[in-house]
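In what follows, chains are A, B, ... by sequence order, proteins preceding strands, each numbered from 1. Both backbone and side-chain heavy atoms feed into the values below; hydrogens, waters and symmetry mates do not.
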2 protein chains.
Amino acid sequence: MKWRELDGTSCSVARSLAIVGDRWTILILRNAFLRTRRFDDFQAQLGITRHLLASRLAKLVKLGVMSKVAYQERPPRYEYRLTEMGRDWYSVQLALVAWGDKWLAGAAGPPLEFLHQKCGHKFRPVTVCSECREPLDTRDITPIAGPGLRPPAAVTP
Amino acid sequence: MKWRELDGTSCSVARSLAIVGDRWTILILRNAFLRTRRFDDFQAQLGITRHLLASRLAKLVKLGVMSKVAYQERPPRYEYRLTEMGRDWYSVQLALVAWGDKWLAGAAGPPLEFLHQKCGHKFRPVTVCSECREPLDTRDITPIAGPGLRPPAAVTP
DNA sequence: TGACAAGGTTCTATTTTGGAACTTACTGTA
DNA sequence: TACAGTAAGTTCCAAAATAGAACCTTGTCA
């Protein structure tokens, strides 16, 4: 299977990956959350080649995850900002950070911690059920067919 | 920057990506959560080439995300199961599914829905603060240096 | 006039994938 | 005994993506 066939599958994981499924894209978003906005800043911070950066940013803009906004007219200069869709990616990033902190940080502890302004505490993100607010565990969850499911269901669930 | 340099960086996103940062790996884990365990089943369900599947499974085993267990002796046959580290990946997958469902499912609705056995309801995963249990919003969160932070902090946060 | 800046594009070499066929070690059937 | 089948890989070559560096464009500033 080629990658461009992925977003046609009937699976939200696959469809998400068709957009953000390469590592550079995820790192670009990470830095966008840390307030990076300009081409040269992304390039310097990430060490990505300019060629790939241009193509990834264009893709993110095309798909609505970021928007390209002129911040001056002469000469024309642009910056890249997260859209609402892009800001919403934050929950995935938090989950990714939590996983890395738990399993990969080792004895040194996590490289970054997070402060929740609303309550003033350092926190970990916890994924809970929208209905009962209990933390979710794999074994308590049963996937069922949704309205958008297309066959072949068993092949690409 | 080459990919093998990534896991040396002082960032949990980058370190996580060094393990699960390609699309096939994430799809392998997706199917593992749907109870796939054997080489040929992964291959048939995903349409991945056998070559890549072998290399990705080997990597997941080496890094402790999955384990390779013999399920018969003669002839020797193996299956791949999620370890605790692998099962813990589920929160990331849930976040990914939720993002895809929200932004990519379109009018048809999500392809899969999830039932929470504990409360009996269909649910969405919600990411909340471990301290105050309020849902997290990007703008309420401030990253601060953690114990595992190594310079250059500004370059690869 | 020349140096500098931001935001790209173009070029080639290297690395990674995709696709298909082949291998190994056994089992079950004719 | 020969032959087909199964699970889990490995090998090979062609096609696609990435890395690294240089170059281009439009403008400002000294």
Side-chain angles (χ1 to χ4, degrees), chain A residues 1-9 14 17-28 31-32 35-62 66-81 155-156, chain B residues 1-9 14 17-28 31-32 35-62 66-81 155-156:
Chain A
M1 182 172 27
K2 301 263 183 66
W3 278 114
R4 58 186 66 103
E5 297 166 33
L6 247 193
D7 59 348
T9 64
L17 291 180
I19 294 186
V20 291
D22 78 293
R23 307 189 240 207
W24 282 128
T25 301
I26 294 175
L27 291 176
I28 287 168
N31 282 39
R35 313 263 186 274
T36 302
R37 291 195 167 87
R38 297 189 186 174
F39 191 94
D40 281 17
D41 291 339
F42 280 112
Q43 204 268 319
Q45 289 165 19
L46 294 172
I48 187 178
T49 64
R50 305 178 71 77
H51 177 53
L52 266 192
L53 177 59
S55 101
R56 291 298 182 271
L57 286 172
K59 185 175 180 186
L60 287 169
V61 168
K62 189 177 114 197
M66 301 190 86
S67 63
K68 183 176 180 176
V69 184
Y71 66 87
Q72 65 176 41
E73 294 282 305
R74 312 179 57 75
R77 291 286 182 268
Y78 305 95
E79 59 183 24
Y80 294 86
R81 288 163 169 267
V155 176
T156 52
Chain B
M1 183 172 26
K2 300 263 180 70
W3 281 113
R4 56 187 67 103
E5 299 167 34
L6 245 194
D7 59 349
T9 63
L17 290 180
I19 294 185
V20 290
D22 78 293
R23 308 189 238 203
W24 283 129
T25 301
I26 294 176
L27 291 176
I28 288 168
N31 283 40
R35 314 261 185 275
T36 302
R37 290 192 166 80
R38 298 186 184 175
F39 192 93
D40 280 18
D41 292 340
F42 280 113
Q43 204 268 318
Q45 289 165 18
L46 294 171
I48 185 177
T49 63
R50 305 179 71 77
H51 177 55
L52 267 191
L53 177 59
S55 102
R56 291 297 182 272
L57 285 173
K59 184 175 180 186
L60 287 169
V61 169
K62 190 178 113 198
M66 302 189 88
S67 62
K68 182 177 181 174
V69 183
Y71 67 87
Q72 65 176 41
E73 294 282 304
R74 311 178 59 75
R77 291 286 181 268
Y78 305 95
E79 58 183 25
Y80 295 86
R81 289 164 167 267
V155 175
T156 52

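Taking only side-chain nitrogens and oxygens, Trp24(A) comes nearer than 4.0 Å to OP1 or OP2 of dA19(D). An OP1 or OP2 oxygen of dG9(D) is reached within less than 4.0 angstrom by a side-chain nitrogen or oxygen of Tyr80(B). For dG9(D), the OP1/OP2 oxygens have a side-chain nitrogen or oxygen of Lys68(B) closer than 4.0 Å. When the side-chain nitrogen and oxygen atoms of Arg56(B) are compared with OP1 and OP2 of dT17(C), one or more of them lie within a distance under 4.0 Å.
When distances are taken from the side chain of His51(B) to each of dA6(C), dT11(D), dG18(C), the shortest belongs to dT11(D). Nearest nucleotide to the side chain of Phe39(B), out of dG9(D), dC12(D), dA6(C): dG9(D).
A cation-pi arrangement is present between Arg38(A) and Tyr71(A), with the terminal nitrogen or guanidinium carbon under 6.0 Å from the aromatic centre and inside a 45° cone about the axis.
In terms of the side-chain hydrogen bond (donor to acceptor under 3.5 Å, both in side chains) criterion, Arg77(A) has no residue partners (sequence neighbours excluded).
More than 12 heavy atoms of other shown residues, nucleotides or ligands fall within 6.0 angstrom of atom CD in Gln72(A).
Computed from coordinates, the Leu52(A) CG to dT16(C) P distance equals 14 Å when rounded to whole Å.
Among the atoms of the strands shown, only primed sugar atoms or phosphate atoms (P, OP1, OP2) are found under 4.0 Å from some heavy atom of Tyr71(B).
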Please list each protein N or O that sits under 3.5 Å from an N or O in nucleotides 22-27 of chain C, with the distance.
none

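Rounding to the nearest 0.5 Å gives a distance of 4.5 Å between CD1 of Ile28(A) and CD1 of Ile48(A). The CZ atom of Arg37(A) sits 14.0 Å away from the OH atom of Tyr80(A) when rounded to the nearest 0.5 Å.
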Which side-chain N or O atoms in residues 49-61 of chain A pair as donor and acceptor under 3.5 Å with protein atoms at least two apart or in another chain?
from, atom 1, to, atom 2, distance (Å)
Thr49(A), OG1, Leu52(A), N, 3.4
Arg50(A), NH1, Gln43(A), OE1, 3.4
Arg50(A), NH2, Asp40(A), OD1, 3.0
Ser55(A), OG, Leu52(A), O, 3.4
Arg56(A), NE, Asp22(A), OD1, 3.3
Arg56(A), NE, Asp22(A), OD2, 2.8
Arg56(A), NH2, Asp22(A), OD2, 3.3
Lys59(A), NZ, Ala18(A), O, 3.0

